[in-house]
Trainee: 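My structure is below; once you've seen it, I'll send some questions.
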4 protein chains.
Amino acid sequence: MAKIKTAEKILMGATRLFAQHGYDGAIMDDLAEQCGVNKASIYYHHKDKITLYEHCLEALFTPIVDAIIVAVEQESGAQDKLAMHINTFAKESAAKPYFAAILMREMASGGTNLPVLARTQMQRILRLLKQVLAQGVDEKVFKKTEPLIVHFMIVGTINLFVATIPLRNALAMEEGCQSLKVSNVKPVGKQLAKTIIRSLLTDVTHPMPP
Amino acid sequence: MAKIKTAEKILMGATRLFAQHGYDGAIMDDLAEQCGVNKASIYYHHKDKITLYEHCLEALFTPIVDAIIVAVEQESGAQDKLAMHINTFAKESAAKPYFAAILMREMASGGTNLPVLARTQMQRILRLLKQVLAQGVDEKVFKKTEPLIVHFMIVGTINLFVATIPLRNALAMEEGCQSLKVSNVKPVGKQLAKTIIRSLLTDVTHPMPP
Amino acid sequence: MAKIKTAEKILMGATRLFAQHGYDGAIMDDLAEQCGVNKASIYYHHKDKITLYEHCLEALFTPIVDAIIVAVEQESGAQDKLAMHINTFAKESAAKPYFAAILMREMASGGTNLPVLARTQMQRILRLLKQVLAQGVDEKVFKKTEPLIVHFMIVGTINLFVATIPLRNALAMEEGCQSLKVSNVKPVGKQLAKTIIRSLLTDVTHPMPP
Amino acid sequence: MAKIKTAEKILMGATRLFAQHGYDGAIMDDLAEQCGVNKASIYYHHKDKITLYEHCLEALFTPIVDAIIVAVEQESGAQDKLAMHINTFAKESAAKPYFAAILMREMASGGTNLPVLARTQMQRILRLLKQVLAQGVDEKVFKKTEPLIVHFMIVGTINLFVATIPLRNALAMEEGCQSLKVSNVKPVGKQLAKTIIRSLLTDVTHPMPP
DNA sequence: TATGAATGAGAATTCATTCAT
DNA sequence: GATGAATGAATTCTCATTCAT
């Protein structure tokens, strides 16, 4: 019987809670109740709240960044790599929706509280992007641009899209405006990739991916 | 004697605190101290914490959205309107940096807690954008696109850029990586506008603004 | 134009509030609002809360006790005096309903907080009752009894009746039980007087008042 | 080791405090201190102040009413039942002196705040009394009377007597008036029973209980 | 491991009172 | 006399954390 370990159960519940309410808004009592464990058990497994938070970030960020790096490595051309970068980021964000919320809050805090590990992970992504863009410049397909801005476009757009899925559904109800209800990330990633790549290309007549 | 009104002083201090720490992380005692007023004074002017928060959002969001609408109205062509939309959003966000942080947190919450007024303001922006894009389609300059995605690109990118200014400065120190230190929003807005507009244009040979 | 003086207006409002909520439950802000005066005005006219309370008690208790004494003096026989004592107490309590509530609360506090003046007034009533009962014993119409118990019967019964008028009306609604709705004090005073006097009479064949 | 449970300890302390100072006058800090428990413990066991108050009323009222009902059931004649009703009410009130104080305050509030349970309990008493009086009328021993008035005489008198025991002791000291010092409830109940029954009897020559 | 109970340090809110005009 | 604003001292309640079993 594949009983989920208590420590794991707590970690998952905590991630959801931190995503929904932020670090300060997440309450240990609620966590215990929602996980169906005793409050003291949390402390048996996780030292304290801040450490638990760090565990959550670690468990959340690392595999996402790893997945992106692996995916990008499988492509060879700069253009394909960039497209893969963006699409994988989108896919992973959509698959682990708490990632977007937590990242957004941390960015909102100026990232000051962001545990070192999470910061490191975000820098790995940025570094990867820089390499891809540099490769593109070398290959004469991309113009020179500020990688940071591209990074912001990717992360900002996707995060916002994923984090607002529930909001948009609510608005769609209120307003009867169906267009708000877009909740599939794939096309968003696609269009974002197209937009960014097109703006980077040296030669606009260069063939675009479909 | 132009004494700043206490209510106003509290509102400003509260906005900063909410932006820095989020709703739950902002502490009324700190607010009182930072404003140099008595704790009870806060309650004299603002009923309770949640109401104070709503007041902050109201004071923050409305003028920004108003400014964007006014600016866009002064242009006539869809392309110019869109550029103005993006640049004004960037300019306003940069001028009132708490806006980005607060909006990001709210988005992270799925916007569920977002007071009605703030939601309404964000919808005003979106509605404006829709009109501009529709006009562009009418004028045959723009391809048909999902306005929501464009909206996300604008808001997500700019917000992330503005909100991470302090983070990036910190990172720049740590890493000695000067490129992180970009803190002037204007070029970001410019490049974002160019990127988005270029991807929207029906005819890539269409003349771009410099 | 017979404008009610502010001090007076406050006194009346305060009496109601103290009766409804007790000393601790009465809130100065509410008082100001209900009286339509500024909070600071209360302190202009009444020093502080406890003093205001004393003023209320004084204004409430003294005329009631005076009225009883005057009324009793107008009778000559012990039996008539006692009847008058009870009926006047009932009448006055009904006319000034806040009296019952305030007295009950004070009694509930063990009367420890009861300002001296109010205590004195209650003792005047008790002293009067003692005299009447003693006179009855002298006149051989009354048996010797403990005046305090008679006092309690009178005050306890009438107070309870008057104070519960609103409660009983509520209950009558809920239960559809009309008998609860007795709200005219006169017959209660009458029956109470009859009950007490009958139990005091030496000779049960002694003529009773109708 | 028969350690008194904390929840119970709090309940008892709270009952005393509510009786002495009323709901608004009872302060949670004081309660914690007097019980020798931590402030937060109170909330661990009792949700909030109002709930704690309700728990107190429940624990206080129910057994008293139960005792009265049981005692009355053991008698058969209406006259004996009524005497037992009054005497048991007196006995119970004396045994749990906080009952009188709390009931008086609630009555003073017009009973409006009185938690449903306490109201229900008081109605059980009234209903019992009605049955006894009705039985007496059936048995032709009692005249028809308004049960509510009889109820008020019983409750009002006994409550006042019990609640004022401390006051009277104080007065007795001040005045040197020994007669005030009556603090044994039994004779009061006895006399009250005699008084009420005598006034209810159809035939005054009817044999009274000693 | 798990849990019910406990707790100290806060944190939001209230309230009587005062002050400047 | 009257009033809007301010304030210090509570007061209720919360929350992360610990302890005994």
Side-chain angles (χ1 to χ4, degrees), chain A residues 3 5-7 10 23-32 35-53, chain B residues 3 5-7 9-10 23-33 35-53, chain C residues 3 5-7 9-10 23-32 35-53, chain D residues 3 5-7 9-10 23-32 35-53:
Chain A
K3 188 172 84 90
K5 292 281 179 53
T6 301
I10 292 169
Y23 181 79
D24 292 299
I27 281 145
M28 301 299 269
D29 279 45
D30 295 352
L31 176 56
C35 295
V37 307
N38 184 279
K39 220 189 326 177
S41 278
I42 300 176
Y43 288 89
Y44 180 82
H45 291 283
H46 292 281
K47 181 165 160 38
D48 57 16
K49 191 182 181 182
I50 188 69
T51 307
L52 173 59
Y53 185 57
Chain B
K3 190 176 81 103
K5 293 279 182 53
T6 301
K9 202 163 53 178
I10 292 169
Y23 180 79
D24 292 296
I27 278 138
M28 302 298 268
D29 277 38
D30 295 351
L31 175 57
E33 198 181 2
C35 295
V37 305
N38 184 280
K39 225 188 322 176
S41 283
I42 301 176
Y43 291 91
Y44 179 77
H45 290 286
H46 296 281
K47 183 168 158 41
D48 56 17
K49 192 181 179 182
I50 189 66
T51 307
L52 172 59
Y53 185 57
Chain C
K3 188 172 85 91
K5 293 281 180 55
T6 301
K9 201 161 55 176
I10 292 168
Y23 180 78
D24 292 298
I27 281 145
M28 302 298 270
D29 278 45
D30 296 351
L31 176 57
C35 295
V37 306
N38 183 279
K39 222 189 325 176
S41 279
I42 300 176
Y43 289 88
Y44 181 82
H45 289 286
H46 292 280
K47 180 164 160 42
D48 57 16
K49 191 182 182 183
I50 188 67
T51 308
L52 173 59
Y53 185 56
Chain D
K3 192 176 79 105
K5 295 280 182 51
T6 302
K9 203 161 55 175
I10 292 169
Y23 180 79
D24 292 296
I27 278 140
M28 302 297 268
D29 277 36
D30 295 352
L31 175 56
C35 295
V37 304
N38 185 280
K39 225 188 320 178
S41 283
I42 301 175
Y43 291 92
Y44 179 77
H45 290 286
H46 296 281
K47 183 166 157 47
D48 57 15
K49 191 180 180 182
I50 189 67
T51 307
L52 172 59
Y53 184 57

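Protein chains get the first letters and strands the later ones, always in sequence-line order, with residue 1 at the start of each. The analysis underlying the following values was restricted to heavy atoms, covering all of them including side chains, and did not include hydrogens, waters or symmetry mates.
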Trainee: Decide yes or no on side chain to side chain contact (heavy atoms under 4.5 Å, CB included) for D:Tyr23 and D:Ile50, but give the supporting numbers first.
Mentor: CA-CA 8 Å; D:Tyr23 180 79; D:Ile50 189 67; 3.5 Å; yes
Trainee: If you check every side-chain atom of B:His45, which of F:dT17, F:dA5, E:dT7 has the closest atom?
Mentor: F:dA5
Trainee: Mark yes or no for whether B:Lys49, through its side chain, and B:Ala26, through its backbone, hold a donor-acceptor pair below 3.5 Å.
Mentor: yes
Trainee: Calculate, to the nearest 0.5 Å, the distance between atoms NZ and CD1 belonging to D:Lys9 and D:Ile42 respectively.
Mentor: 11.0 Å
Trainee: Nearest whole angstrom, please: distance from the P of E:dA16 to the CD1 of C:Ile50.
Mentor: 12 Å
Trainee: Which one, E:dG8, E:dT17, F:dG4, comes nearest to the side chain of D:Ala40?
Mentor: E:dG8
Trainee: Below 4.5 Å, heavy atoms only, C-beta onward: do D:Leu52 and D:Met28 meet side chain to side chain?
Mentor: yes
Trainee: Could you tell me how far apart A:Ile42 (CD1) and E:dG4 (P) are, to the nearest whole angstrom?
Mentor: 13 Å
Trainee: Hey, is the side chain of B:Ser41 poking within less than 4.0 Å of OP1 or OP2 on F:dA5, counting only N and O atoms?
Mentor: no
Trainee: Could you check how far NE2 of B:His46 sits from C1' of F:dA5, rounded to whole Å?
Mentor: 13 Å
Trainee: Output the rounded distance in Å from NZ (B:Lys9) to P (F:dA5).
Mentor: 14 Å
Trainee: Go ahead and name the base partner of F:dT12; Watson-Crick or wobble counts if both distances stay under 3.5 Å, otherwise write none.
Mentor: E:dA11
Trainee: Looking only at non-hydrogen atoms, find the nearest pair between C:Ile10 and C:Cys35 and report the distance.
Mentor: CA-SG, 3.9 Å
Trainee: Is the phosphate of F:dG8 approached by B:Asn38 (side-chain N or O, under 4.0 Å from OP1 or OP2)?
Mentor: yes
Trainee: Would you kindly compare C:Lys47 and D:Lys39 by the position of their nearest DNA chain E nucleotide and give the one closer to the 5′ end?
Mentor: D:Lys39
Trainee: Would you name the heavy atoms of D:Asn38 and D:Ala32 that are closest together and state the gap between them?
Mentor: C-CB, 4.2 Å
Trainee: Need the pair for E:dA20. Rule: Watson-Crick or G-U wobble, both distances under 3.5 Å, any strand; none if unpaired.
Mentor: F:dT3
Trainee: A:Ile10 has an atom CD1; how far is it from atom P of E:dT1, in whole Å?
Mentor: 11 Å
Trainee: Specify the residues of residues 24-32 of chain A, ordered by number, for which at least one heavy atom lies under 4.0 angstrom from an atom of DNA chain F.
Mentor: A:Ala26, A:Ile27, A:Met28
Trainee: Please state whether the phosphate of E:dT17, meaning OP1 or OP2, lies under 4.0 angstrom from any side-chain nitrogen or oxygen of C:Tyr43.
Mentor: yes
Trainee: Whether C:Tyr44 contacts F:dG1 is assessed here as follows: a side-chain N or O lying under 4.0 Å from the phosphate OP1 or OP2. Is that the case?
Mentor: no
Trainee: Write down the atom of D:Thr51, the atom of D:His46, and the distance for their closest heavy-atom approach.
Mentor: CB-O, 3.6 Å
Trainee: In whole Å, I'd like the distance from the NZ atom of B:Lys49 to the P atom of E:dA12.
Mentor: 4 Å
Trainee: For F:dG1, does either OP1 or OP2 sit under 4.0 Å from a side-chain N or O belonging to C:Thr6?
Mentor: no
